[in-house]
Amino acid sequence: MPERKQRGAFIVIEGLDRSGKSTQVSLLEKRCKDAGLPVRLVKFPDRTTPIGKLIDSYLRSDSEMDDHAIHLLFSANRWELAPSIIESLNAGTTVICDRYAFSGIAFSAAKNKPTMSYEWCRAPDIYLPAPDITLFLDVSPEKARERGGYGAERYENAEMQERVEHVFERIGVEIGDGSRWFAVDADREKEAVAEELWERVQPYVKGTEKPLQRLWE
Ligand code: NYM
Ligand code: MG
């Protein structure tokens, strides 16, 4: 029998700001570690690289940038990390990713610029490694408000978040809600959300034999 070749799974967590995403990502990482599974956390934007520093400055409104240019930098930030993500997956490590290309489309397309259509926003990420599963933390505007409101970064206001949510909905439909994309009710207590995420990733966390796909195959 040929040797079985397992790679790590690529798991993406998406959500609006105040969806509890960061909390859930670390809870999921901890669960994997406690289960003895090799795991690596990646976060986009990765603000530590030279490109990431430009993005960080833009998000904090310390600098201005053309909307197209910043969109491409967010994508470039993913491309610069893609080889090391692939390397980790091939080494059998599960990669948990806090935001990915879907945030890139959602936040940029939500700007409603005539020159930044959904298709335009999607294009620079074509052929990036595709997640095996994406879990979308679905938080209601009421709950987000209850959680202490938004922070001071760019995009962190109710009106923008609502538009972003609509684009996320479209992405979910295109990827195939219920197969590779799951919307998870994030209005619940964090323990309940964590439990559902853990259940959802069960078919993946021990590795997969499926070849890694590319966006948007
Ligand atoms: N964001 C994130 C984008 O606009 N495009 C992208 O490609 C990515 C990955 O950055 N409000 C936005 C969404 C968030 C902000 O993310 C920073 P976080 O997870 O709040 O640090
Ligand atoms: Mg944020």
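When a ligand or atom number is given, it counts from 1 through the structure's own listing order.
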Lys/Arg-Asp/Glu bridge criterion (N-O < 4.0 Å) met for R7, D132: yes
Aromatic ring proximity F168/F136, centre distance under 6.0 Å: yes
salt_bridge(D17, R99) N-O dist < 4.0 Å: yes
Part of K43 within contact of ligand 1 (heavy atoms, under 4.0 Å): side chain
Option whose closest heavy atom lies nearest to atom 1 (N) of ligand 1, chosen from Y155, F102, F74: F74
Y100 and F10 aromatic ring geometry - parallel, tilted or perpendicular at 30°/60° bounds: perpendicular
Electrostatic pair E196:R188 at N-O distance under 4.0 angstrom: yes
N-O pairing of E195 and R200 below 4.0 Å: no
R40 side chain to S88 side chain, donor-acceptor N/O pair below 3.5 angstrom: yes
Min N/O separation D17 to ligand 1 under 3.5 Å: yes
Ligand 1 versus I55: contacting region, heavy-atom distance under 4.0 Å: neither
Contact atoms of ligand 1, heavy-atom distance to K21 under 4.0 Å: 19 (O)
Heavy-atom nearest neighbour in the protein, as seen from atom 16 (O) of ligand 1, with distance rounded to 0.1 Å: R99 NE, 3.2 Å
Pair E80-T49, side-chain donor/acceptor within less than 3.5 Å: yes
For F44, the ligand 1 atoms whose distance to one of its heavy atoms is below 4.0 Å: 9 (C)
Geometry at the Mg ion (ligand 2) - D17 OD1 versus E156 OE2 angle, rounded to 10 degrees: 90°
Closest to atom 9 (C) of ligand 1 (judged by heavy-atom distance), picking from R18, H71, R78: R78
Top protein contact for atom 15 (C) of ligand 1, by heavy-atom distance: L59 CD1, 3.8 Å
Side chain, backbone, both or neither: R47 near ligand 1, heavy atoms under 4.0 Å: side chain
Backbone or side-chain N or O of E156 under 3.5 Å from ligand 1 N or O: no
Contact atoms of ligand 1, heavy-atom distance to F107 under 4.0 Å: 3 (C), 4 (O), 11 (N), 13 (C)
